[in-house]
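Have a look at the structure below, then the notes.
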Amino acid sequence: MHEEPKPSHSYIGLIAMAILSSKDKKLVLSDIYQWILDHYPYFRTRGPGWRNSIRHNLSLNDCFVKSGRSANGKGHYWAIHPANEEDFMKGDFRRRRAQRKVRK
DNA sequence: GGGTGTTTAAGACGCA
DNA sequence: TGCGTCTTAAACACCC
């Protein structure tokens with residue numbers, strides 16, 4: 001049994017899992033989209049919008065780093081930060097040092 | 001121009 | 001009650 005196609009994690013977790021599940025721990029944006037769509041049909045019916053959020057999380061969090069360019073100069077390969085890699089594998093899908101703005 | 005990447009803004013929610 | 005986190009939307013800079 002098992003795997004329920006339900007969003008049990010936040011975008012951070014989904015993206016992290018997608019990259020961690022890859023062979024070389026590197027994925028392109030299109031690959032990340034595909035992985036999520038392939039594991040969570042929930043987003044298939046969500047229409048556009050979640051894509052924007054994915055990009056947002058990728059760029060906003062320090063956990064996601066760019067690794068070279070894509071195969072055809074489409075975008076960049078996205079990987080997990082070494083420091084956050086361990087945390088993600090532990091199941092700690094939380095936002096690391098990001099958006100550290102002093103909202104006063 | 002389209003896709004990608006970055007940034008701002010704001011509303012909803014959980015927690016100490 | 002305030003703070004931090006998450007989510008969504010949208011404008012905008014960059015690259016082929």
Side-chain angles (χ1 to χ4, degrees):
Chain A
M1 339 329 124
H2 351 197
E3 273 158 308
E4 316 212 301
K6 290 186 202 163
S8 32
H9 303 276
S10 17
Y11 283 115
I12 322 268
L14 294 178
I15 298 168
M17 281 189 215
I19 298 177
L20 288 171
S21 309
S22 72
K23 240 161 79 160
D24 290 293
K25 288 230 5 264
K26 287 187 211 160
L27 285 180
V28 203
L29 213 110
S30 324
D31 287 327
I32 297 173
Y33 288 156
Q34 279 303 118
W35 189 95
I36 296 177
L37 287 173
D38 198 55
H39 285 256
Y40 295 89
Y42 163 76
F43 287 100
R44 269 179 98 236
T45 54
R46 221 153 204 244
W50 66 276
R51 294 189 187 191
N52 223 348
S53 300
I54 296 291
R55 285 193 243 143
H56 190 167
N57 281 275
L58 280 168
S59 297
L60 193 75
N61 287 266
D62 285 339
C63 339
F64 308 113
V65 294
K66 294 183 288 264
S67 194
R69 298 179 197 70
S70 75
N72 255 329
K74 234 182 168 189
H76 295 87
Y77 270 104
W78 288 95
I80 308 286
H81 203 274
N84 282 270
E85 194 183 308
E86 306 275 306
D87 289 289
F88 283 138
M89 284 187 178
K90 272 161 56 160
D92 193 10
F93 299 116
R94 247 178 287 182
R95 218 192 248 185
R96 279 285 157 200
R97 273 109 135 146
Q99 203 179 72
R100 213 93 276 229
K101 59 157 62 163
V102 191
R103 284 208 81 177
K104 272 263 143 99

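Protein chains get the first letters and strands the later ones, always in sequence-line order, with residue 1 at the start of each. All values below come from the heavy atoms of this structure, side chains included, with hydrogens, waters and symmetry mates left out.
- Here dC15(C) presents its P atom at 11 Å from CZ of R69(A), a figure rounded to the nearest Å.
- For dT8(C), the OP1/OP2 oxygens have a side-chain nitrogen or oxygen of Y11(A) closer than 4.0 Å.
- The distance between atom CZ of R51(A) and atom C1' of dG2(B), rounded to the nearest whole Å, is 12 Å.
- Counting to the nearest Å, the P atom of dG5(B) and the OH atom of Y77(A) are 12 Å from each other.
- When side chains are defined from C-beta on, H39(A) does not count as touching M17(A), because their heavy atoms never get closer than 4.5 Å.
- Aromatic ring centroids of W50(A) and Y40(A) lie 6.0 Å or more apart.
- Within the 3.5 Å criterion, the main-chain N or O of S53(A) finds a donor-acceptor partner in the side chain of N57(A).
- If you run side chain to side chain contact (heavy atoms under 4.5 Å, CB included) between W78(A) and each of L29(A), I15(A), V65(A), only L29(A) comes through.
- Taking 4.0 angstrom as the limit, W78(A) places a side-chain polar atom (N or O) nearer than this to OP1 or OP2 of dG5(B).
- dG2(B) atom P lies 14 Å from atom CZ of R55(A), rounded to whole Å.
- For a distance-only test at 3.5 Å, the side chain of H56(A) fails to qualify as a donor-acceptor partner of the base of dT6(B).
- Protein atom NZ of K74(A) is 14 Å distant from nucleotide atom C1' of dC15(C), rounded to whole Å.
- Contacts of R46(A) with the nucleic acid, taken as non-hydrogen atoms under 4.0 Å apart, involve only primed sugar atoms and P, OP1 or OP2.
- Atom CG in N61(A) sits about 14 Å away from atom C1' in dG4(C), given to the nearest Å.
- Within the 4.0 angstrom heavy-atom criterion, base atoms lie near S59(A).
- Inter-residue side-chain proximity for K74(A) and S30(A) is flagged as met; some heavy-atom pair is nearer than 4.5 Å.
- The distance between atom CG of N52(A) and atom P of dG5(B), rounded to the nearest whole Å, is 12 Å.
- Going from atom CG of L27(A) over to atom C1' of dT4(B) covers 15 Å, rounded to whole Å.
- Residue order along DNA chain C, read from the 5' end via each residue's closest nucleotide, puts F93(A) first among G49(A) and F93(A).
- One finds no side-chain N or O of R94(A) lying less than 4.0 angstrom from the OP1 or OP2 phosphate oxygen of dG4(C).
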